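In the text below, chain A, chain B and the rest are named by the order of the sequence lines, each starting its count at 1. Every value quoted in this text rests on a predicted model; they were computed, and no experiment measured them.
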Amino acid sequence: MNYWLMKTEPDVFGIDDLKSKKTEYWDGVRNYQARNFMRDEMKKGDLILFYHSSCKVPGVAGIATVSKESVPDFTSWDKKSKYYDEKSTEENPRWFMVQVKYKKKFKEVISLSELKSHKKLEKMKLLQKGNRLSIMPVTKSEFEFIEELSKK
DNA sequence: GCCAACGTTGGC
DNA sequence: GCCAACGTTGGC
């Protein structure tokens, strides 16, 4: 079992959208490192911290799971999609996505500033300087610590 | 293979 | 809206 953090802009697709849709294909990721995590390492049942970015209160909004392992991201060869990439084709896809499933919404978003205040989380990839990855691994202890924070 | 220019991310 | 940090592109 692996643990992950996935960033999303709540104005575009937030925890409430996932809650009402139940599952969602994580399309549109166009970063190689993030793609590799989805294509090679994310397994069904893995747990995901669902992170809201570029918004009023950035932070962890809830938990999701991986419900389907990677499949080619069909938006990459759809000319009408804003995620279209001419170098990706159905025969030779360049981009991949997993399907994620809603698990729970925290009573309150655990804000980035709170995450930063905990010594236990100081090594979190999310908090390292200059980090811009939209999908990144978290450790079991980081995941569990944050889930506990949400219960307070 | 180097690196300048450019685009994007994302907190503030 | 600003801007630091980083990834990608493309000329050489």
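Between Arg30(A) atom CZ and dG7(C) atom C1' the separation is 15 Å, expressed in whole Å. Here dT9(B) presents its C1' atom at 9 Å from CD of Glu9(A), a figure rounded to the nearest Å. For the pair Asn131(A) CG and dT8(B) C1', the interatomic distance rounds to 14 Å; values are reported in whole Å. Across the protein-nucleic acid pair, Trp95(A) atom CH2 and dT8(C) atom P stand 7 Å apart, rounded to whole Å. Atom CG in Leu115(A) sits roughly 15 Å away from atom C1' in dG10(B) (whole-Å rounding). Computed from coordinates, the Gln128(A) CD to dG11(B) P distance equals 15 Å when rounded to whole Å. Atom P of nucleotide dT9(B) and atom CG of Leu126(A) are separated by 16 Å, given to the nearest angstrom. Atom-to-atom, NE2 of His52(A) to P of dC12(B) comes out at 17 Å; the value is rounded to the nearest Å.
Phosphate contact (OP1/OP2 of dC6(C), side-chain N/O of Tyr32(A), threshold under 4.0 Å): absent. In terms of phosphate contacts, Lys7(A) brings no side-chain nitrogen or oxygen within less than 4.0 Å of OP1 or OP2 of dT9(B).
Considering only the side chain of Arg132(A), dC6(C) comes nearest among dC6(C), dG10(B), dG7(C). Comparing dA5(C), dG11(B), dG7(C) by their closest approach to the side chain of Lys129(A) singles out dA5(C).
Using modelled atom types, no side-chain atom of Asp27(A) and backbone atom of Phe74(A) make a donor-acceptor pair closer than 3.5 Å. Between the side chain of Asp17(A) and the backbone N or O of Gly14(A) there is at least one donor-acceptor pair closer than 3.5 Å. Remark: side-chain polar atoms of Glu69(A) are paired, donor with acceptor, to backbone N or O of Lys44(A) under 3.5 angstrom.
By the 30° and 60° cut-offs, the orientation of the rings of Phe13(A) relative to Trp26(A) is perpendicular.
Using a 4.0 Å heavy-atom distance criterion, Lys116(A) is classed as a sugar-phosphate-only contact.
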